[in-house]
A.B. asks: 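The structure that follows is given in the form of structure tokens.
Hydrogens, waters and symmetry mates are skipped; everything else that's a heavy atom, side chains included, is used. Predicted model, so just to flag it, every value in this text is computed and none were measured. Proteins come first, then strands; the chains are lettered A, B, ... in the order of their sequence lines, and each starts at number 1.
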Amino acid sequence: MKPAPFDYVAATDLSEALDALQEGGSDARVIAGGQSLVPMLNMRLARPATLVDITRIPELSRIEAKGDQIIIGAAVRQATLESWPDLADRLPLVRAAISWVGHTQLRNRGTVCGSVAHADPSAELPLCLLALGGTVTLRRRRKTRTVAARDFFQGMMSTDLAPGEMITSVSIPARKQGTGYAFREVARRHGDFAIVACAAIARPDGSSTLTVGGVADTPQTLDLPADTTGRDDRLNEFAWHLQARDDLHATARYRRDLVRRLGRTTLKEALSCRD
Amino acid sequence: MPRLTKDEKPAVRFTLNGRAVSPEAPPRMLLSDLLRHEIGATGTHVGCEHGVCGACTVQVDGAPVRACLMLAQQAQGCDIRTVEALAEGPELSPLQAAFREHFALQCGFCTAGILMTLDALFASQPEADEATIREALSGHLCRCTGYAPIVQAALAARNRIKGGPIDA
Ligand SMILES: Cc1cc2nc3c(=O)[nH]c(=O)nc-3n(C[C@H](O)[C@H](O)[C@H](O)COP(=O)(O)OP(=O)(O)OC[C@H]3O[C@@H](n4cnc5c(N)ncnc54)[C@H](O)[C@@H]3O)c2cc1C
Ligand code: FES
Ligand code: FES
């Protein structure tokens with residue numbers, strides 16, 4: 001239960017990190033908070049030749065509001081975002097979700113972008129990023145590109161990230177007037193990975209979107225009109241469409257039931273908290 | 001900073017319980033192993049080495065974190081506190097004393113980590129309510145006590161140290 005040997009680069013600026021990643025190619029990996037990567041190293045599920053530590057790069061340590069976008073740098077810890085004074089006002093969905101991400105001892109090190117890069121199907125922050133229509137900014141030595149969250153997440157723990165490339169920030173649209181946001185989750189114990197997690201966004205015209213994590217390989221979205229007739233049928237169809245599987249934590253049937261019930265409650269909450 | 005190759009063992013300079021230390025560590029060494037095997041500070045325990053059990057929890061710059069999920073080299077320049085920092089000589093800290101009075105430990109395997117989480121919690125939130133205490137404890141597994149005595153000890157300790165510095 002100890003990591004295999006690797007070279008370690010504690011980058012102090014972005015170009016150092018990008019050079020090391022470029023040089024290392026597919027055998028190099030970013031280490032951010034280490035809260036998913038170090039367990040994988042300890043279990044030897046990952047054996048990178050080089051780890052590039054990005055958490056001491058000052059330009060990645062910022063949370064910035066630019067117009068209606070909140071930009072969160074790759075070195076920003078989950079706990080830092082959690083205590084960002086504007087969180088409740090600007091990102092109410094993230095505020096509701098973030099205390100569900102592991103335990104405080106993990107959020108003190110884990111980064112927001114690391115969770116996005118890891119792309120666990122149950123993870124709360126990728127779910128929020130997708131639900132809110134956020135984007136991911138990717139850098140390699142001579143190229144920057146911005147990818148919509150819905151294109152970035154490609155499968156279970158698989159993303160559009162290429163070798164030699166890293167996430168430098170994610171950008172999340174801030175709260176819009178008259179829109180309601182709600183988040184709910186069921187896990188075995190508080191801090192465990194979600195069995196089902198639901199994020200709902202209700203717009204001023206009464207239409208809404210439900211995004212569900214923990215069931216399919218990536219979070220999935222259901223758009224609903226303002227007219228609520230037949231809503232339960234749509235939720236039921238959606239629950240089946242997610243193709244839940246049985247695993248150690250829950251049966252497929254239990255997950256479907258949670259999608260229907262938790263989905264309905266979360267939507268209701270979002271509709272009632274529009275302001 | 002230059003690259004550390006896998007066989008190098010440069011010194012990691014940090015503060016441990018108020019004292020400057022500089023043990024040597026190759027890149028792959030975990031902070032938990034550095035503390036226990038290189039420094040001999042065995043108060044920090046190791047259970048699972050994947051972040052689940054909480055036994056290895058220490059404070060890094062005041063915040064409780066898993067020592068088993070930090071590379072020793074990442075401790076460079078940090079201020080680290082472990083359970084060894086709590087007692088004043090033979091005198092238990094109020095938190096430790098409350099654990100003893102309330103039978104909040106049996107085998108003690110989980111205790112060091114729990115104490116470091118609660119010590120950090122009361123330092124930042126001296127008024128923490130029971131729900132907050134339980135939430136902080138959710139990051140720890142205890143196979144002996146059933147948790148109720150731990151919550152009681154935490155509440156008692158909070159009442160005793162409220163307002164005052166924690167283990168000054
Ligand atoms: C016991 C336990 C419980 C947990 N519970 C939850 C939970 O309930 N919900 C949840 O969402 N998460 C949970 N986590 C995971 C935790 O949130 C991690 O912090 C997060 O998934 C990864 O963030 P990190 O900064 O620690 O990334 P790391 O562990 O450092 O990296 C994770 C992966 O992402 C890559 N990576 C990281 N940053 C970048 C970047 N900027 N660019 C490119 N690649 C990058 C790494 O190479 C690695 O492959 C849990 C973890 C543990 C150990
Ligand atoms: S040993 Fe670190 S959490 Fe279990
Ligand atoms: S006292 Fe034995 S595990 Fe907690």
A.B. asks: Flag the pair A:Asp53 / B:Gln76 as yes when at least one side-chain heavy-atom distance between them is below 4.5 Å, and no otherwise.
C.D. replies: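 No, every pair of side-chain atoms sits at 4.5 Å or beyond.
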A.B. asks: Just wondering, more than 12 heavy atoms not from A:Arg245 lying within 6.0 Å of its CZ?
C.D. replies: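 Not buried by this count: 12 neighbours or fewer within 6.0 Å.
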A.B. asks: Does any non-hydrogen side-chain atom of B:Leu71 lie less than 4.5 Å from one of A:Phe6?
C.D. replies: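 Result yes, sub-4.5 Å side-chain heavy-atom pair found.
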A.B. asks: Between B:Ser138 and A:His103, is there a side-chain donor-acceptor contact under 3.5 Å, judged purely by atom types and distance?
C.D. replies: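 Present: a donor and an acceptor within the cut-off.
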A.B. asks: Under 4.0 Å between a Lys/Arg side-chain N and an Asp/Glu carboxylate O for B:Arg3 and A:Glu23?
C.D. replies: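 Judged by the 4.0 Å cut-off on N to carboxylate O distance, B:Arg3 and A:Glu23 do form a salt bridge.
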A.B. asks: Considering heavy atoms only, which positions within residues 54-63 of chain B lie below 4.5 Å of chain A?
C.D. replies: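 When heavy atoms of chain A are the reference, residues 54-63 of chain B contributes B:Thr57, B:Ala63 within the under-4.5 Å range.
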A.B. asks: Let me know if A:Leu51 has heavy atoms under 4.5 Å from chain B in its side chain, its backbone, both or neither.
C.D. replies: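 Just the side chain, heavy atoms under 4.5 Å.
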A.B. asks: Any side-chain heavy atom of A:Val38 within less than 4.5 Å of one from B:Met70?
C.D. replies: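 Counting from C-beta outward, A:Val38 and B:Met70 never come under 4.5 Å.
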A.B. asks: Quick one: are B:His50 and A:Asn42 in side-chain contact, heavy atoms under 4.5 Å?
C.D. replies: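 B:His50 vs A:Asn42: side chains apart.
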A.B. asks: Give a yes or no on whether A:Arg261 atom CZ has more than 12 heavy-atom contacts from other residues, nucleotides or ligands under 6.0 Å away.
C.D. replies: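 Open.
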A.B. asks: State whether the number of non-hydrogen atoms from other residues, nucleotides or ligands found under 6.0 Å of B:Arg100 atom CZ is greater than 12.
C.D. replies: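 Counting neighbours around CZ of B:Arg100, 12 or fewer heavy atoms of other residues, nucleotides or ligands fall under 6.0 Å, so no.
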A.B. asks: Between B:Asp33 and chain A, which part of the residue has a heavy atom less than 4.5 Å away: side chain, backbone, both or neither?
C.D. replies: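 Side chain only.
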A.B. asks: Only pairs of heavy atoms separated by less than 4.5 Å count here; which of B:Arg66, B:Arg134, B:Met116 has the most with chain A?
C.D. replies: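 Heavy-atom pairs under 4.5 Å are most numerous for B:Arg66.
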A.B. asks: Indicate the atoms forming the closest heavy-atom contact of A:Arg56 with B:Ala75, along with that distance.
C.D. replies: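 What the structure gives for the nearest pair is NH2-C, 4.5 Å.
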A.B. asks: Closest approach of B:Leu141 and A:Arg189, non-hydrogen atoms and distance?
C.D. replies: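 Shortest heavy-atom separation between B:Leu141 and A:Arg189 comes out as CD2-NH1, 3.0 Å.
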A.B. asks: Please tell me if the side chains of B:Leu69 and A:Pro39 come closer than 4.5 Å, counting only heavy atoms from C-beta onward.
C.D. replies: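 They are in contact (side-chain heavy atoms under 4.5 Å apart), so the answer is yes.
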A.B. asks: Considering only heavy atoms and a distance below 4.5 Å, find which of A:Thr104, A:Asp192, A:Thr50 pairs most often with chain B.
C.D. replies: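 Top count of heavy-atom pairs under 4.5 Å with chain B: A:Thr50.
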A.B. asks: Do A:Met43 and B:Glu49 come within less than 4.5 Å of each other through their side chains, counting heavy atoms only?
C.D. replies: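 Result no, sub-4.5 Å side-chain heavy-atom pair not found.
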A.B. asks: Take atom CZ of A:Arg188 as the centre, draw a 6.0 Å sphere, and report whether it contains more than 12 heavy atoms from other residues, nucleotides or ligands.
C.D. replies: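 Counting other residues, nucleotides and ligands, CZ of A:Arg188 stays at 12 neighbours or fewer.
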A.B. asks: Could you tell me whether a side-chain N or O of A:Asp7 sits under 3.5 Å from a main-chain N or O of B:Lys6, the two making a donor and an acceptor?
C.D. replies: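 Looks like yes, one N/O pair under 3.5 Å.
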A.B. asks: Take atom CD of A:Glu64 as the centre, draw a 6.0 Å sphere, and report whether it contains more than 12 heavy atoms from other residues, nucleotides or ligands.
C.D. replies: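 Yes, because the 6.0 Å sphere around CD of A:Glu64 holds more than 12 heavy atoms from other groups.
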A.B. asks: Residue by residue, which of residues 14-30 of chain B have a heavy atom closer than 4.5 Å to a heavy atom belonging to chain A?
C.D. replies: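 The stretch touches chain A at B:Pro27, B:Arg28, B:Leu30.
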A.B. asks: Given heavy-atom pairs under 4.5 angstrom as the criterion, report whether the side chain, backbone, both or neither of A:Ala79 touches chain B.
C.D. replies: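 Neither part.
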A.B. asks: Taking atom types as modelled, is there a side-chain donor on A:Gln105 or B:Thr117 under 3.5 Å from an acceptor on the other?
C.D. replies: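 Note: A:Gln105 and B:Thr117 side chains meet the donor-acceptor criterion.
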A.B. asks: At a heavy-atom separation under 4.5 Å, does B:Glu8 approach chain A through its side chain, its backbone, both, or neither?
C.D. replies: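 No part of it gets close to chain A.
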